[in-house]
2 protein chains.
Amino acid sequence: MAPKVSEEYKKKRERELIEAARKVFIEKGFVHTSMQDIMDKAGISRGALYSYFDNIDHVFIEVLKYDDQKDIQYFVPSDEGPLWLQLKNWVEEQQYYIEAIDHTLLYAKAEFFLSSNYPNDKDNFPYIFERYNKTTEAIEVVLNEGMRKGEFRPQQSTRSIARYLITFINGLMLDTFQLGHERTKVKDQLSVLLFSLEKLINPNTQNEE
Amino acid sequence: MAPKVSEEYKKKRERELIEAARKVFIEKGFVHTSMQDIMDKAGISRGALYSYFDNIDHVFIEVLKYDDQKDIQYFVPSDEGPLWLQLKNWVEEQQYYIEAIDHTLLYAKAEFFLSSNYPNDKDNFPYIFERYNKTTEAIEVVLNEGMRKGEFRPQQSTRSIARYLITFINGLMLDTFQLGHERTKVKDQLSVLLFSLEKLINPNTQNEE
DNA sequence: TATAAAACGACAACAATGTATAGTTTATTA
DNA sequence: TAATAAACTATACATTGTTGTCGTTTTATA
């Protein structure tokens, strides 16, 4: 009379399944991935897969959590150097995330949040709001810190500016899905963003009004 | 020996079908719409529908063409008044397009270009590039005109600025799909856009270098 | 009224889902 | 080390939804 495997083992197995599923989603996106695809990639039987996950939405949600957990690209300010440079760095880094689109979940995520049945009861599905809020808040914190230090003197609310930044980056991603990154000119666009961000944030270096 | 109906009749019928399909796509998006849905909405039989269109991608493409044709929201500059005000107007108008998202094809389009099989051979499907190019070019023309008149003195290339504008608006749309427009604060975001656009375009009113 | 086109709707084929069952493997523990 | 219960495999199955085709029926006109 013994439960055959430890809790640990089950966790580990589940993680393997999630990793396999993640690969499939990156390759094929969300809409065109079936449970069968995941079984094939993971080398697991139908019954076993269904004993871990109820359906494909469930699988995707778990993949999302897993991915979020390891891929923290939130802005984390440090004490060293001017905040403006840190912010600039962060924006420039986004280029690599966007251009690596074929090797990330970005595409599948966009599909999922657009087309899955799951988020239809949008209000019951806070994930997407939370993520948006977390990201903008992280930016907002930096902007506020910059204000406190007297480095930034924005004329708009820091929240608005943070939202603006995130929205633009979302736009870049969408364009990149549809046009490819060469046509989108990601780098060029990010440099225009930086230019205007500087104006938004730090008008005192331009003129005193 | 008679072709049962006139060419006119066929065109008319096709247009009716397209209009019915358009309604369905607006209601249900692209991914969750089936040929059956369109038959039901149009009150037409399977065979008849298939005699007009090969498959659902084909239907959608025709809907797109139809929609583009009547819904020209490209920027058209006039000779009256400063270009800056015209541009500002155009940007502010986008608010209504974005907020009317539930009554337009925008959502279905985003799904289609993300998830249909059709655009997979992206290079063979110029529609999306053309549309992007047309839109940005329309903006670019205005910016150039403004430069010619001495009204605008951008420090970036006008093409970059045009792309920047369109990308941001795409981002706003994506956010609106996912968050709803209250949460996205469309109006607020557009005003930040206008602020930074002014800086991008017309730095001479700020300082002379 | 003959006829060719247009519309109808049944149908086969397929793909995917989630459940179920019988048999096999395996880690634990008594 | 043998018994046992859980995990897993392999496969079958009913169900559902969708697609595209095809033989038949209807209908507008010459």
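Letters go in sequence order (proteins before strands), and every chain restarts at 1. The figures that follow rest on heavy atoms only: side chains count, while hydrogens, waters and symmetry mates do not.
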Between [N] ([atom2]) and [X] ([atom1]): distance, integer Å:
X     : N      : atom1 : atom2 : value
A:Y52 : D:dA6  : OH    : P     : 14 Å
A:E7  : D:dA7  : CD    : C1'   : 13 Å
B:E16 : C:dA6  : CD    : C1'   : 14 Å
B:K12 : D:dA28 : NZ    : C1'   : 14 Å
A:Y9  : C:dA27 : OH    : P     : 8 Å
B:D40 : D:dG17 : CG    : P     : 13 Å
B:H58 : D:dT19 : NE2   : C1'   : 16 Å

Between the main-chain N or O of [Y] and the side-chain N or O of [X], is there a donor-acceptor pair closer than 3.5 Å?
X      : Y      : result
A:T184 : A:V186 : no
B:D37  : B:S34  : yes
A:T33  : A:G29  : yes

Going by atom types only, do B:E93 and B:N89 share a side-chain donor-acceptor pair under 3.5 Å? no

Name the closest nucleotide to the A:K10 side chain, picking from D:dA7, D:dT9, C:dA7. D:dA7

Indicate, with yes or no, if the rings of A:F168 and B:Y164 have centres closer together than 6.0 Å. yes

Short side-chain N/O contact to C:dA7 OP1/OP2 from B:S45, under 4.0 Å: no

Hey, can you tell me if A:F30 and A:F60 have their rings parallel, tilted or perpendicular (30° and 60° cut-offs)? perpendicular

What is the per-nucleotide protein-contact pattern of nucleotides 13-18 of chain C, from the 5' end, where B denotes a base atom under 4.0 Å from a protein heavy atom, S denotes such proximity for sugar-phosphate atoms only, and - denotes neither? ---SBB

